[in-house]
Amino acid sequence: ETGVTQSPTHLIKTRGQQVTLRCSSQSGHNTVSWYQQALGQGPQFIFQYYREEENGRGNFPPRFSGLQFPNYSSELNVNALELDDSALYLCASSFGQGTNEKLFFGSGTQLSVL
Amino acid sequence: DQQVKQNSPSLSVQEGRISILNCDYTNSMFDYFLWYKKYPAEGPTFLISISSIKDKNEDGRFTVFLNKSAKHLSLHIVPSQPGDSAVYFCAASARMRQTGANNLFFGTGTRLTVIP
């Protein structure tokens, strides 16, 4: 059973650029969630994908968007990068959407916006 | 608006003693609570959870207590070991009304250091 994998591990971009982060779900999981963890903070919910559809979004602007593919892997896209987007981006997978579902996290992508 | 709060950013405990990590929440709609452990350069790892219909859940050295009237939960680690040194995040789960998506709200974490 493979765990959640994310790529790249580190990324440096400049303000105004666009970035795509990738995530492979844990085997057997059909739900992917993305979280942003700023320095010194806990992870914050960006959005969740279930069966290739976005089915929940936190308090993030539309320039944060995503995709989920038939194999349940996922992408997070951020347009028009701002300095405050610098953070650790975590992908988590689960089977189903129940509130008692444990999320399994990847190691994250550390994004720095200069 | 921080709905889950961990007011102690750090905690140091002697090996073999009890570690108690605390967490408070404000939203009475939360129905499931989890603790995650995070090592540097790794993602959070699930540790233990508790449903809102229970007040205690135990798994080996780890016990989580939930006091719904006080909107407070705590994680007890007995006995503490040096390998337990990590950042511990408390999280609460709620279902988003319109979509049914499961949204975890995290606290800011407590860094536990277990001294050998």
Side-chain angles (χ1 to χ4, degrees), chain A residues 3-10 21 23-26 29-51 53-60 66 68 87-110, chain B residues 1-10 21 23-25 27 29-54 57 59 64 86-111:
Chain A
V4 178
T5 57
Q6 292 186 242
S7 63
T9 54
H10 295 82
L21 310 181
C23 172
S24 292
S25 304
Q26 180 160 320
H29 287 180
N30 58 15
T31 303
V32 173
S33 304
W34 285 90
Y35 286 78
Q36 180 197 66
Q37 186 179 8
L39 192 63
Q41 301 297 314
Q44 275 200 298
F45 177 70
I46 302 175
F47 44 54
Q48 182 178 88
Y49 277 81
Y50 174 67
R51 293 185 175 176
E53 302 245 341
E54 181 184 302
N55 74 335
R57 172 179 280 265
N59 190 25
F60 281 82
Q68 186 182 30
L88 179 68
Y89 288 85
L90 294 163
C91 169
S93 73
S94 60
F95 182 75
Q97 307 173 79
T99 55
N100 61 346
E101 289 291 338
K102 303 172 200 38
L103 299 188
F104 293 82
F105 284 86
S107 298
T109 294
Q110 185 67 52
Chain B
D1 180 23
Q2 192 76 18
Q3 298 190 50
V4 177
K5 297 178 184 178
Q6 294 176 259
N7 292 319
S8 298
S10 63
L21 296 92
C23 177
D24 298 294
Y25 62 95
N27 189 340
M29 297 299 293
F30 290 144
D31 58 2
Y32 198 67
F33 302 89
L34 309 92
W35 284 93
Y36 280 84
K37 176 178 174 180
K38 187 176 186 301
Y39 292 117
E42 293 183 13
T45 303
F46 170 77
L47 190 59
I48 192 170
S49 61
I50 187 167
S51 165
S52 60
I53 63 173
K54 295 188 174 181
N57 188 27
D59 184 3
V64 56
V87 177
Y88 288 78
F89 289 98
C90 169
S93 181
R95 184 179 294 282
M96 302 182 82
R97 283 181 197 167
Q98 291 176 337
T99 65
N102 175 14
N103 179 3
L104 278 188
F105 293 82
F106 283 85
T108 52
T110 296
R111 181 177 300 278

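Below, all heavy atoms of this structure are taken into account, side chains as well, without hydrogens, waters or symmetry copies. Here is the naming used below: chain letters follow the sequence lines, and residue numbers restart at 1 for every chain. Note that the coordinates shown come from a computational prediction; the quantities given were computed from them, not determined experimentally.
- For A:Tyr35, the part lying under 4.5 angstrom from a heavy atom of chain B is the side chain only.
- Within 6.0 Å of the CD atom in A:Gln44, the count of heavy atoms belonging to other residues, nucleotides or ligands does not exceed 12.
- Not counting sequence neighbours, the partners of A:Trp34 by the side chain to side chain donor-acceptor pair (under 3.5 Å) test are A:Ser74.
- Contacts of residues 43-51 of chain B with chain A at a heavy-atom distance below 4.5 Å involve B:Gly43, B:Pro44, B:Phe46, listed in sequence order.
- Considering CD of A:Gln41 and CZ of B:Phe89, their distance stands at 9.5 Å, rounded to 0.5 Å.
- Contacts of A:Leu103 with chain B are made by both backbone and side-chain atoms, with heavy-atom separations under 4.5 Å.
- In this structure, chain A has no heavy atom under 4.5 Å from any part of B:Phe30.
- For A:Gln110, no part lies under 4.5 angstrom from a heavy atom of chain B.
- Looking at residues two or more places apart in sequence or on another chain, you find a side chain to side chain donor-acceptor pair (under 3.5 Å) between B:Asn27 and B:Gln3.
- To the nearest 0.5 Å, atoms CD (A:Gln48) and CG (B:Asn103) are separated by 8.0 Å.
- For chain B, the option among A:Cys91, A:Pro43, A:Gly42, A:Ala92 with the highest count of heavy-atom pairs below 4.5 Å is A:Pro43.
- Atom CZ of A:Phe105 is separated from atom NZ of B:Lys38 by 10.5 Å, given to the nearest 0.5 angstrom.
- Evaluation of the side chain to side chain donor-acceptor pair (under 3.5 Å) rule for A:Tyr89 yields A:Gln36 as partners, not counting sequence neighbours.
- Note that NZ of A:Lys102 is 4.0 Å distant from OH of B:Tyr32, once rounded to the nearest 0.5 Å.
- What you find for A:Ser107 and B:Ala41 is that their closest heavy atoms are CB-O, 4.0 Å.
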